[in-house]
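Worksheet: one structure, shown below.
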There are 2 protein chains.
Amino acid sequence: MEGYEKLEKARERIIETIAQNIHLYGLVPSAGRQYGMMFFQNEPLTLDDMTEKLGMSKTSMSTSVRALSDLKLVERAWKKGVRKDLYKVSDDWYQSFIDLFSIKWRRSVTLHLVAIKKSLAELEQLSTDPTASEELLEEVQIDIEKLKYIKNYYEWLERLVDVFEDQKIFDLVPIMNDSDNNSKD
Amino acid sequence: MEGYEKLEKARERIIETIAQNIHLYGLVPSAGRQYGMMFFQNEPLTLDDMTEKLGMSKTSMSTSVRALSDLKLVERAWKKGVRKDLYKVSDDWYQSFIDLFSIKWRRSVTLHLVAIKKSLAELEQLSTDPTASEELLEEVQIDIEKLKYIKNYYEWLERLVDVFEDQKIFDLVPIMNDSDNNSKD
DNA sequence: TTTTTTATACAGTTTTTACTGTACAAACTA
DNA sequence: TAGTTTGTACAGTAAAAACTGTATAAAAAA
């Protein structure tokens, strides 16, 4: 097998693995392939470049590059003399992971906490209703306990997101690069 | 509004919020609704119970309860004298989160590391090929550096999953329940 | 200004996924 | 043993999502 072919095959393996795992980011394999392809380009790409490389429509490239940008997996780039929009993959993958976490889970936590607080307030109110039957009150009380539990859970999740966002997670799980392992010991 | 109606409304709000956020678990809203409904039941449910409560086919209930079980969001339960399979939501939501993390990310990390190691080995091999052009060797070298970087990243992710699995994450982000906050201070 | 270039909105099509009903195998009952 | 009950495989259908091509608005060039 020829040299460039081997290089291409080694790249394809990585790209396909990314494509098959990008669902963890809520994205579709073709967006993963796009990301993977960009990863191995040493220059930022235009939408037309992507269309050519992937053989897909420019509209598709536009929408999926936007999805990738929303998750901060790719970012805009600039190159002198190029009028088209340019994109490159964000090069700090640790930060990308944290961004994913922030963007996806922060939003979810907030939505849940809003709903829980609202329902909790309603149930607390209901539990003081003098016209309520004994049976109802019992059910309400059980639900209040359940909601308090999940409220605590989502508050924990919120603090977890904080810990990622403010990089404290790296105290517990430090970044280590190969050289740390390889050097004499 | 009548008492039971109020209770139902408070529950529905939570259930719908879960349904709208369950995509973070790679599940579809109807599975989230199923989970949410089960959460407010104080008894384990059979597939037929779920069919009745949600107005969906038993086949659907079967497949989605399996998906929920695979992520350990629900578990089998037993009740004396009941022949049908019974299911209830796992009551440790912190553990459910950790399980999600383990199941989804561990697998992804492993797949990536396998691919990266294989491609790295091929490229290291290629980089010693005496017939390779200078230009090719340069590209290979760049890719080797890129793969080393993402290898480190996935190894970090692996350690992150470990930290969740062995509960060390709770050292950094402790569980706090309301009583910790409410008591005198 | 007009002309050209570029990104995206939108409508239509293809592909994929979710869901249903039937059929059947495994497990339980009698 | 035969007769029920229960869960799920499978094929078909309905619904949703991905993708394409055309049209257009915004921006840049002339």
Side-chain angles (χ1 to χ4, degrees), chain A residues 15-16 18-38 43-71 73-89 104, chain B residues 15-16 18-38 43-71 73-89 104:
Chain A
I15 292 172
E16 205 48 40
I18 293 172
Q20 297 309 318
N21 286 279
I22 201 83
H23 67 270
L24 291 168
Y25 287 70
L27 299 177
V28 106
S30 71
R33 221 162 281 121
Q34 190 175 2
Y35 178 84
M37 175 275 286
M38 289 170 80
E43 294 288 318
L45 299 181
T46 67
L47 293 179
D48 290 316
D49 294 336
M50 300 175 202
T51 292
E52 198 201 321
K53 295 253 182 204
L54 300 173
M56 289 178 71
S57 73
K58 195 174 177 181
T59 302
S60 281
M61 296 302 96
S62 174
T63 56
S64 48
V65 93
R66 174 189 291 268
L68 289 164
S69 299
D70 287 347
L71 293 176
L73 286 170
V74 313
E75 53 194 34
R76 301 285 294 265
W78 284 271
K79 217 166 76 177
K80 68 170 196 297
V82 179
R83 203 141 68 69
K84 303 180 183 180
D85 294 355
L86 288 164
Y87 300 92
K88 65 190 270 299
V89 325
K104 295 244 170 205
Chain B
I15 292 172
E16 205 47 41
I18 294 173
Q20 296 309 319
N21 285 278
I22 201 81
H23 66 270
L24 290 169
Y25 287 70
L27 299 176
V28 107
S30 72
R33 221 163 279 120
Q34 190 174 3
Y35 178 85
M37 176 274 288
M38 290 171 79
E43 294 289 318
L45 299 181
T46 67
L47 292 179
D48 290 316
D49 293 335
M50 299 174 203
T51 292
E52 199 200 321
K53 294 254 181 202
L54 300 174
M56 290 178 69
S57 74
K58 196 174 178 181
T59 302
S60 281
M61 295 300 96
S62 175
T63 55
S64 47
V65 92
R66 174 188 291 269
L68 288 164
S69 300
D70 287 348
L71 293 177
L73 287 170
V74 313
E75 54 193 35
R76 301 284 294 264
W78 285 269
K79 217 167 76 177
K80 68 170 196 297
V82 178
R83 202 140 70 67
K84 304 181 182 181
D85 295 354
L86 288 164
Y87 301 91
K88 64 189 271 299
V89 325
K104 295 245 167 202

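Every chain is numbered from 1 and lettered A, B, ... according to where its sequence line falls, protein lines coming before strand lines. For the numbers below, each heavy atom of this structure counts, side chains included, while hydrogens, waters and symmetry mates do not.
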Practice problem: Determine which pairs satisfy salt bridge (charged side-chain N to carboxylate O under 4.0 Å, His left out) with at least one residue from residues 74-83 of chain B, sequence neighbours left out, and list them in order. | Solution: B:E43-B:K79, B:E75-B:K88, B:R76-B:D85
Practice problem: Give every residue pair that meets the salt bridge (charged side-chain N to carboxylate O under 4.0 Å, His left out) criterion with at least one member in residues 56-69 of chain B, sequence neighbours excluded. | Solution: B:D48-B:K58
Quiz item: How about B:M61 and B:L54: do any of their side-chain heavy atoms sit closer than 4.5 Å?
Solution: yes
Length of the line joining [X]:[atom1] and [N]:[atom2], which is rounded to integer Å:
{"X": "B:M50", "N": "D:dT6", "atom1": "CE", "atom2": "C1'", "result": "13 Å"}
{"X": "B:W78", "N": "D:dT6", "atom1": "CH2", "atom2": "P", "result": "17 Å"}
{"X": "B:L47", "N": "D:dT8", "atom1": "CG", "atom2": "C1'", "result": "10 Å"}
{"X": "A:D85", "N": "D:dA26", "atom1": "CG", "atom2": "P", "result": "15 Å"}
{"X": "A:R83", "N": "D:dA29", "atom1": "CZ", "atom2": "C1'", "result": "7 Å"}

Return all side-chain donor-acceptor pairs below 3.5 angstrom for residues 18-27 of chain B, not counting sequence neighbours, or 'none' if the list is empty.
| residue | atom | partner | partner atom | Å |
| --- | --- | --- | --- | --- |
| B:Q20 | NE2 | B:E16 | OE2 | 2.9 |
| B:N21 | OD1 | A:S108 | OG | 3.3 |
| B:N21 | ND2 | B:T17 | O | 2.7 |
| B:H23 | ND1 | B:Q20 | O | 3.2 |

Quiz prompt | Enclosure of A:K104 NZ (heavy-atom neighbours >12, cutoff 6.0 Å) | solution = yes
Quiz item: Sequence neighbours excluded, which residues qualify as ring pair (Phe, Tyr, Trp, His ring centres under 6.0 Å) partners of A:Y87?
Solution: none
Quiz item: Who passes side-chain hydrogen bond (donor to acceptor under 3.5 Å, both in side chains) against A:E52, sequence neighbours left out?
Solution: none
Self-check item: All side-chain hydrogen bond (donor to acceptor under 3.5 Å, both in side chains) counterparts of A:T46, not counting sequence neighbours
Solution: A:D49
Self-check item: Heavy-atom closest pair, residues A:T51 and A:M56
Solution: CG2-O, 3.0 Å
Quiz item: Hey, can you pull the residues of residues 56-67 of chain B with a non-hydrogen atom under 4.0 angstrom from DNA chain D?
Solution: B:K58, B:T59, B:S62, B:R66
Exercise. Could you check which residues of residues 22-38 of chain A get a heavy atom under 4.0 Å from DNA chain D? Sort them by number, please.
Key: A:V28, A:S30
Exercise. Using side-chain contact (heavy atoms from CB on, under 4.5 Å) as the criterion, list what pairs up with A:S57, not counting sequence neighbours.
Key: A:T59, A:S60
Can you tabulate the close N/O pairs, meaning under 3.5 Å, that link protein atoms to atoms of nucleotides 12-14 of chain D?
none

Exercise. Determine, step by step, whether B:V65 and B:Q34 satisfy the side-chain contact (heavy atoms from CB on, under 4.5 Å) criterion, reporting the C-alpha distance in whole Å, the side-chain angles of both residues, the deciding distance to 0.1 Å, and the verdict.
Key: CA-CA 8 Å; B:V65 92; B:Q34 190 174 3; 4.0 Å; yes
Exercise. Pick out which of A:V74, A:V82, A:L86 makes a side chain to side chain contact (heavy atoms under 4.5 Å, CB included) with A:P44.
Key: A:L86
Quiz item: Going 5' to 3' along DNA chain C, which nucleotides are the first and last within contact of chain A (any atom under 4.0 Å from a heavy atom)?
Solution: C:dT5 to C:dC10
Exercise. Any chance you could lay out the side-chain contact (heavy atoms from CB on, under 4.5 Å) test for B:M38 and B:K53, step after step, and finish with the verdict?
Key: CA-CA 10 Å; B:M38 290 171 79; B:K53 294 254 181 202; over 6 Å; no
